A.B. asks: 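Before we start, here is the structure in question, set down as structure tokens.
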Amino acid sequence: MKVLVIGGGGREHALVWKLGESARVEKIWCAPGNGGIVAEAECIAIDAGDVTGLVLFAEKMRPDMTIVGPELPLVKGVADAFRARNLPIVGPSQIAAQLEGSKIFSKEFLLRHKIPTAKMYGVFENPEEAIAALKDVQYPLVMKADGLCAGKGVLLALNEEEARDFIDAAMRKNELGPAGRKVILEETLEGEELSFTIVTDGDRYASLVPTRDHKRIFDGNCGPNTGGMGAFSTDELLPDSLRETITQAIVDPTLHGLAADGIRYQGFLYIGLMITTSGPKVLEFNCRLGDPETQAILARLDCDLAEILQDLAARRFDPSKFHWKSGASVCIVLASEGYPGKYPVGKPINGLTGVTTKSGVKVLHAGTKLVGDVLTTSGGRVLGVTCAAPTLDAAVTSAYAAVNSIKFDGMQFRRDIGTQAGLAHSAGD
Ligand code: AMP
Ligand code: GLY
């Protein structure tokens, strides 16, 4: 089997890693890949958002299956373009990807199908009306730009001044581009977050092991939001009763709602939940796997991912083929100095040799680039040190031991991923 993976972050490295373990996979291309993926797949210099380039490549090379990592190509319609050319692909259609591509689409979907979510104060296209609405809201207030904003589109405003600043930046100064022209205001939910991911062919679905992300940059959930500074997975995150409630109150109505709206959803669906005192509520849908959640999820995989996804793309999906290692896993993200703000690139990375196979640790690359034979940083999130073990404590200990031998100039990481301190949650983390 020849497989194309679209994307070039830690999530895609994890996909390449697991697909490469399958006896049926003989070739993997990754577009564009990164400095770590290049050792496990052939990296192709096509941006993940370049749908035309990806289609031309796939028409020429005819991969037996394509898996899409990031949201941008999905929202741009890559899955439709591939299917129209009989190229098997795992990923939702452009219309289905609106669940992530438009917060308004997704909120209206949730309300229409009575799926528990934060109360909405309103949708605004006009800054004056949005400001006028602020007199009837409670703080903290959650404000969301409608479109894709690479993680910068949600603000938890603590007071009216912060709320006005967001409206000004997004709607008057266009600082978020067209994605920020429309804004949703909603209630702030409190509780613990849970990333619940399913994969479906539109008829059947399987849920992947549960994970928790750590979104803030600093220990104890302080500082600005990031794409995710680390994630862990253990079955204890999801007791049977909570799984049951999520299935009945959220997953089933979501899949029925999609079908009722005439949308066949095929691919991964990430359901970001807040577990509140009145039950789980949907914070967001993503039309793809999470990053760094995928690294923790796939570290626990105990089956042939390529076989399962090939079946899925051919609409013969068999959820019972998924098997997971018991125990736990963790992924600790090593980031560049300054991230999630401006950061330097091109810093040499040292200490990776020797880490890889020790104690089941796998270093998954995100923003790395091979320049000659020197591995350098090329992004905000640089590496994800990933480990599965019989207990969460053991996974965390081994992963941090590996982290300690890796070095690059300005390297920052959280020291509380998967620990009690890292679990302390406040609204909006
Ligand atoms: P989103 O872009 O919708 O994925 O939201 C990003 C993050 O903002 C979520 O993972 C939560 O941490 C936070 N968030 C979004 N909506 C809410 C809400 N209604 N209440 C509290 N936190 C929220
Ligand atoms: N880690 C959150 C996300 O992938 O959206």
Side-chain angles (χ1 to χ4, degrees), residues 7 9-12 14-15 68-72 74-75 97 99-107 109-111 116-121 137-158 166 170 176 179-180 183-197 208 210-217 221 223-233 268-278 280-297 331 333 335 340 366 380-381 384 414 417 425-429:
R11 167 185 47 212
E12 290 75 24
L15 285 165
V68 191
E71 61 279 14
L72 185 63
L74 293 166
V75 169
L99 281 183
E100 176 166 4
S102 163
K103 303 261 188 227
I104 297 174
F105 179 96
S106 122
K107 199 74 187 179
F109 174 87
L110 288 163
L111 297 174
T117 185
K119 190 176 89 186
M120 183 171 77
Y121 294 118
V137 303
Q138 281 189 348
Y139 293 92
L141 168 72
V142 170
M143 315 182 71
K144 299 185 176 184
D146 181 42
L148 291 184
C149 294
K152 300 205 178 344
V154 177
L155 178 78
L156 190 110
L158 297 179
F166 183 82
L176 299 171
V183 165
I184 295 193
L185 306 186
E186 70 179 35
E187 157 202 31
T188 297
L189 296 176
E190 289 186 39
E192 292 202 324
E193 283 190 46
L194 182 72
S195 306
F196 191 85
T197 310
L208 311 186
T211 48
R212 178 162 295 148
D213 192 7
H214 297 64
K215 288 221 164 69
R216 304 294 185 99
I217 184 77
N221 296 320
N225 262 323
T226 69
M229 290 301 291
F232 71 92
S233 169
F268 294 96
L269 178 65
Y270 169 119
I271 310 177
L273 297 170
M274 188 72 91
I275 313 301
T276 73
T277 48
S278 52
K281 297 189 178 176
V282 177
L283 293 172
E284 57 166 334
F285 287 119
N286 291 328
C287 60
R288 51 164 175 90
L289 286 160
D291 187 342
E293 286 92 332
T294 304
Q295 293 86 311
I297 290 173
C331 170
V333 171
R381 292 189 293 174
R414 277 181 61 161
I417 305 298
H425 263 253
S426 56
D429 289 329

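Keep in mind the model is a prediction, meaning the values are calculated, not measured. As the structure lists them, so they are numbered: ligands from 1, and atoms in each ligand from 1.
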A.B. asks: What atoms of ligand 2 come closer than 4.0 angstrom to any heavy atom of Tyr270?
C.D. replies: 2 (C)
A.B. asks: Between Ser195 and Thr211, is a side chain to side chain contact (heavy atoms under 4.5 Å, CB included) present by the stated rule, with each step listed?
C.D. replies: CA-CA 5 Å; Ser195 306; Thr211 48; 3.3 Å; yes
A.B. asks: So do the side chains of Asn221 and Arg414 get within less than 4.5 Å of each other, counting heavy atoms only?
C.D. replies: yes
A.B. asks: Quick check: do Val154 and Glu284 have side-chain heavy atoms less than 4.5 Å from each other?
C.D. replies: no
A.B. asks: Can you tell me which portion of Leu189 lies within the under-4.0 Å heavy-atom range of ligand 1? Options are side chain, backbone, both, or neither.
C.D. replies: both
A.B. asks: By number and element, which atoms of ligand 1 are closer than 4.0 Å to a non-hydrogen atom of Lys215?
C.D. replies: 10 (O)
A.B. asks: Side chain, backbone, both or neither: which applies to Leu289 and ligand 2 if a contact is any heavy-atom pair less than 4.0 Å apart?
C.D. replies: neither
A.B. asks: Could you list the atoms of ligand 1 found under 4.0 angstrom from a heavy atom of Ala118?
C.D. replies: 19 (N)
A.B. asks: Is it the side chain, the backbone, both or neither of Leu283 that has a heavy atom closer than 4.0 Å to ligand 1?
C.D. replies: both
A.B. asks: Run through Lys281, Glu186, Lys107 and flag the one making a side chain to side chain donor-acceptor pair (under 3.5 Å) with Thr117.
C.D. replies: Lys107
A.B. asks: Check this for me - ligand 1, Glu186, N or O atoms closer than 3.5 angstrom, yes or no?
C.D. replies: yes
A.B. asks: Report the C-alpha distance between Leu273 and Val282 in whole Å, list the side-chain angles of each, state the deciding distance to 0.1 Å, and finish with yes or no for side chain to side chain contact (heavy atoms under 4.5 Å, CB included).
C.D. replies: CA-CA 5 Å; Leu273 297 170; Val282 177; 4.0 Å; yes
A.B. asks: Nearest non-hydrogen atom to atom 2 (O) of ligand 1 belongs to which of Met120, Lys281, Arg216, Lys103?
C.D. replies: Lys103
A.B. asks: Can you name the atoms of ligand 2, numbered from 1 with element, that are less than 4.0 Å from a heavy atom of Gly227?
C.D. replies: 1 (N), 2 (C)
A.B. asks: Students should be able to answer this: which protein heavy-atom is nearest to atom 2 (C) of ligand 2, and at what distance?
C.D. replies: Asp213 OD2, 3.5 Å
A.B. asks: Applying side chain to side chain contact (heavy atoms under 4.5 Å, CB included), run through Thr226 and Val333 and close with a yes or a no.
C.D. replies: CA-CA 11 Å; Thr226 69; Val333 171; over 6 Å; no
A.B. asks: Quick one, Asp291 with Arg381, criterion side chain to side chain contact (heavy atoms under 4.5 Å, CB included). Give me CA distance, side-chain angles, the key distance, then yes/no.
C.D. replies: CA-CA 10 Å; Asp291 187 342; Arg381 292 189 293 174; 3.9 Å; yes
A.B. asks: For the side chain of Asp146 and the backbone of Val183, is there at least one donor-acceptor N/O pair under 3.5 Å apart?
C.D. replies: no
A.B. asks: Could you list which atoms of ligand 1 come closer than 4.0 Å to a heavy atom of Thr188?
C.D. replies: 20 (N), 21 (C)
A.B. asks: Mind checking whether Gly228 has a heavy atom under 4.0 Å from ligand 2?
C.D. replies: no
A.B. asks: Any N or O of Glu187 that comes nearer than 3.5 Å to an N or O of ligand 1?
C.D. replies: yes
A.B. asks: Mind checking whether Phe285 and Phe109 have parallel, tilted or perpendicular rings, split at 30° and 60°?
C.D. replies: perpendicular
A.B. asks: State, to 0.1 Å, how close Cys331 and Ala296 come at their nearest heavy-atom pair, and which atoms those are.
C.D. replies: CB-N, 4.3 Å
A.B. asks: Say whether Asn286, considering both its backbone and side-chain N or O atoms, lies within less than 3.5 Å of an N or O atom on ligand 2.
C.D. replies: yes
A.B. asks: Quick one: does Glu190 get within less than 4.0 Å of ligand 1, heavy atoms only?
C.D. replies: no
A.B. asks: Work out whether the distance between some heavy atom of Arg288 and some atom of ligand 2 is less than 4.0 Å.
C.D. replies: yes
A.B. asks: What are the atoms of ligand 2, with element, lying closer than 4.0 Å to any heavy atom of Gly290?
C.D. replies: 4 (O)
A.B. asks: When only distance counts, is Met274 in polar contact with ligand 1, meaning an N/O pair under 3.5 Å?
C.D. replies: no
A.B. asks: To which of Glu284, Lys144, Lys107 does the heavy atom nearest atom 15 (C) of ligand 1 belong?
C.D. replies: Lys144
A.B. asks: Does any N or O of ligand 2 fall below 3.5 Å from an N or O anywhere on Lys215, backbone included?
C.D. replies: no
A.B. asks: Do the non-hydrogen side-chain atoms of Pro70 and Glu12 ever get within less than 4.5 Å of each other?
C.D. replies: yes
A.B. asks: Taking the side chain as everything from C-beta on, heavy atoms only, tell me whether Leu148 gets closer than 4.5 Å to Glu71.
C.D. replies: yes
